[in-house]
Structures are given as C-alpha cells and as structure tokens.
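Okay, here's the structure, questions in a sec.
Remember, it's a predicted structure, so these values are computed and weren't measured experimentally. Computation of the quantities below employed the complete heavy-atom set of this structure, encompassing side-chain atoms and omitting hydrogens, waters and symmetry-equivalent molecules. Positions are given from 1, in the same order as the sequence printed here. First listed ligand is number 1; within each ligand, the first listed atom is number 1.
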Amino acid sequence: MTRETQLGFQPPAIGEEEIEAVADALRSGWLTTGPRAALLEERMAEYLEARHVLAVASGTAAMHLALVALGVGPGDEVITTPITWPATANVVVHAGATPVFVDVRESDLNLDPELIPAAVTERTKAIMPVHLAGQPCDLDPIWELGIPVIEDAAHAAESAYRGRKLGGLSTATCFSLYATKNIAAGEGGLVSTNDDAVAEAIRNLRLMRRGDGSLYDLTVPGYKANLSDVLAAIALVQLDKLPEHTARRQRQFELYDEGLADLDGIEPLVRDPRDTHALHLYVVRIDPERFGLSRDELQRALGEERISTSIHFLPVHRLTWYRERFPEQSSLPVAERAGGEILSLPLSPAHSEEDISDVLEALCRIHDRAA
Ligand SMILES: Cc1ncc(COP(=O)(O)O)c(C=O)c1O
C-alpha cells in the first residue's frame, strides 16, 4: 500500500540531546569558534587516529584549504573523479588549478587506479579520490604514484581501508558534517592530517589571524572558514551517538540486501569485504532492460509512492560549466553510463525498519508492474 506520509531520503537523526547541547552552547556565550570546536577536534583526532584535526565551516572548505595549504594554484592540475558532488572539482577551480577527471571502475564507481598514471603530467600537484557512499577507494596504487593525496571522505567518517581508519593515511583527509552525513551538525567540515606543516597552514588559513591566536598579525591572507561552537556542540553529540546510529544503518543495509536479492535489474554497488564501509549511502544501479524501467522512471514511480530518493552523483564533467569550460574533455564511459543508472534509497538512523520495508514493498510493486 502507498504510504500515507512522505518518506524523507536522509532526514537528520536529531534528539533532545542535540537540542540540549545547542542550548548549553548558546547559554555559554560562545557563538563562534571556542571550546566546543576545540573539543571536537580533540575527540575526532582520537576517533580518526590522526595527529591533527582542524574544524572548518564545511567539507568544501576543508578540501579548499587543504589544496591551498599544499600550495596548489594556477598552472597546476589535480586528478579527481567525475562521480562526486561538484564541490570536489569546484575547489580545484577555486584554487586556480585545473581538475583532471579520470574514469571510475564499474564495481564501486570509485576512481579507477589503473587509469590514473596516464593522466599524470608534470603539472599534477595532487590526487583527490572520493570514497563514494563510504566504500574506500583503492588507495595503495594511488599512494604508489608519490603524489600528495587529499581524500574527499565526506561519506567516509566511519570507513577503514584494509583495517586502517581513514583520517591519518594520506596527506590530508576531508570530512563533511553536512545535515545528511554520518556525523551531522547541519553544516561543518574537518581536515585530518599527520603532517604538522599542513595542519599549521590550515590553522592560519581558516581564520584571519595567526593559528595560535596569540598575536594580532597575519602570515597569510586567510579565509573565513571556521566552525561555530553551536554546530560543534551538535557534532559532539552525534559522535557519541555513532555506535547506535551505525547499528541502525547496518540493519537497513541488511534489509535492503535481503529484499533486493531476488529483484532482477536492481543491484547495490559492490562493497569490498577487506574494507570497513561507512554505510553512508545505499546506492543501487538500475539495468533498464532487466528492471523494465529506466532510473528516472523508477525514481518518479517511487515518488508517486511517497518515497524520496536521490542521485549520487551525476558526472561532474557533464555539468554545464564544466562542459563549456573544458570542451576538449574526452568521454568517460563508465561514469557516464553509471550517471544514468544509479539511485540512492532512503537511509537514516531516523528511519524505522518499517520505513525500509515500505521502500522494498514499493520497489516490488513497481518491478511487478514493469515486468
Ligand atoms: C562527496 C562529497 N564531497 C564533498 C561534499 C561537500 O561537503 P559540504 O557540503 O560539507 O561542503 C559533499 C556533500 O556535502 C559530498 O557528498
């Protein structure tokens, strides 16, 4: 039966604890960066097993500052994936450099490491892989190239690559605290790094003052990219709730895996058992021939069943600005086909098991009708 209420795609799981924490922050008098942001950095450094964590205004700011900290600028190239939120490529443009898109692999739609060497030139200053949906990229062959790696770990706060937590493995790792993320503050971001110089540079860049706050002086024309204590207060509670929220997402993944196993033409992206997947998004791929509907038709049909879905992501190099700015961009066939076939199903600790059953029942009904 069609639901009576709309099922949100990824509503935040916020409770009285977050509300109390915000009220406490407001009562404390610290509206901007203060002790709660500092505590978040300390606790995240421990959680991510990294030497430094810097709290910033967004995941986008985290990546932008990491690029600037590495001195990436005009004339430089940065290799990245087309299957990402445009922020990953936009920050390269913001830094004055050129994004170079390399195709993804079929299994998990992460950067295909076999294709990266051919894209490396003497101008390549960094590689920015994205851990799509929470599945870590194949990092070993990327590190072997000896080029600084800035990971876009917006989806990967809980991921581990071959048993090692993401956060202290590459030159810099960038996380997002956006409203839908595993640790959600509404907005916010984090950079983690074991590199003292990168940490110091970002400390100086995120606010218009010296990183140690001791002097009214400027060593670099910094940005306004600091994190407010009000948001840090929410993130701290979300961090405490992570085990409980992870367990709920885990259960939702299991329900989807079981429920979709017998439906022809709809398959989840591959998850590598050697890694810890952050279970941030449940992305399926639709084979229109076998399913009987295209991805767009299925998304519309689910909408009619009052089920919200999303797409992660449309290939960035095909978006208008990138198409017009880089007309010589060659085709990236795996990303382009996947862009028309992927769909992200509702997933959130705020959803109940019944909510996920509703999605599965709707998918079965739509599938039967389409067959
Ligand atoms: C893959 C990816 N990278 C970067 C970002 C940017 O993070 P923020 O929204 O915190 O700037 C997002 C989403 O928000 C994302 O999904």
*What is the closest protein heavy atom to atom 3 (N) of ligand 1, and at what distance does it sit?*
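For atom 3 (N) of ligand 1, the nearest protein heavy atom is Asp152 OD2, 2.6 Å.
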*Any idea which protein heavy atom is nearest atom 5 (C) of ligand 1, and the distance to it?*
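Answer for atom 5 (C) of ligand 1: Trp85 CD1, 3.7 Å.
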*Which bit of Ser58 is near ligand 1, meaning a heavy atom under 4.0 Å away: side chain, backbone, both or neither?*
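Both backbone and side chain.
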*If you measure from each non-hydrogen atom of Thr60 to ligand 1, which part falls under 4.0 Å: side chain, backbone, both or neither?*
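Under 4.0 Å from ligand 1, Thr60 contributes backbone and side-chain atoms.
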*Within the 6.0 Å centroid threshold, strictly below: Phe326 and Phe101*: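 That pair fails the under 6.0 Å test.
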*Would you call Arg51-Asp195 a salt bridge at under 4.0 Å N-O?*
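So Arg51 does not pair with Asp195 through a salt bridge.
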*Take the angle between the ring planes of His280 and His155 and call it parallel below 30°, perpendicular above 60°, tilted in between.*
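Tilted: the ring planes of His280 and His155 meet at 30° to 60°.
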*Nearest heavy atom to atom 2 (C) of ligand 1 wins, so pick from Ala154, Gly189, Ala89, Ala61.*
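Checking each option, the heavy atom nearest atom 2 (C) of ligand 1 is found in Ala154.
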*Taking the non-hydrogen atoms of Met63, is any one of them nearer than 4.0 angstrom to ligand 1?*
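It does; at least one heavy atom falls under 4.0 Å.
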*Hey, do the aromatic rings of His312 and Phe9 have their centres closer than 6.0 Å?*
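Aromatic pair counts; centres sit under 6.0 Å.
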*Should you measure from each heavy atom of Phe313, which atoms of ligand 1 turn up under 4.0 Å away?*
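This gives 16 (O) as the contact atoms.
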*ligand 1 and Gly59, any nitrogen or oxygen pair closer than 3.5 angstrom?*
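N/O-N/O distance under 3.5 Å: yes.
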*For atom 14 (O) of ligand 1, closest protein heavy-atom neighbour*: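 Checked against all protein heavy atoms, atom 14 (O) of ligand 1 sits closest to Lys181 NZ, 3.0 Å.
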*Can you sort out which atoms of ligand 1 are near Thr84, meaning under 4.0 Å from one of its heavy atoms?*
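Heavy-atom distances to Thr84 below 4.0 Å select 1 (C).
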*Aromatic ring centroids of His367 and Phe291 under 6.0 Å?*
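Yes; Phe291 has its ring centre under 6.0 Å from that of His367.
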*Are Tyr223 and His64 close enough that their ring centers fall under 6.0 Å?*
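Yes, close enough.
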_Looking at Glu200 and Arg203, is any side-chain nitrogen of the basic one under 4.0 Å from a carboxylate oxygen of the acidic one?_
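Yes, charged N to carboxylate O under 4.0 Å.
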*What atoms of ligand 1 come closer than 4.0 angstrom to any heavy atom of Gly188?*
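Atoms satisfying the 4.0 Å criterion: 10 (O).
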_Check the orientation of Phe313 and Trp85. Use parallel for under 30°, tilted for 30 to 60°, and perpendicular for over 60°._
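The arrangement is tilted - the two ring planes meet at 30° to 60°.
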*Ser176 N/O under 3.5 Å from ligand 1 N/O*: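 There is such a contact, yes.
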_So, regarding His155 and ligand 1 (criterion: nitrogen or oxygen to nitrogen or oxygen, under 3.5 Å), is there a contact or not?_
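Right, the criterion is met.
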*Hey, is Asp108 close enough to Arg271 for a salt bridge, meaning N to O under 4.0 Å?*
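Answer for the salt bridge query: no.
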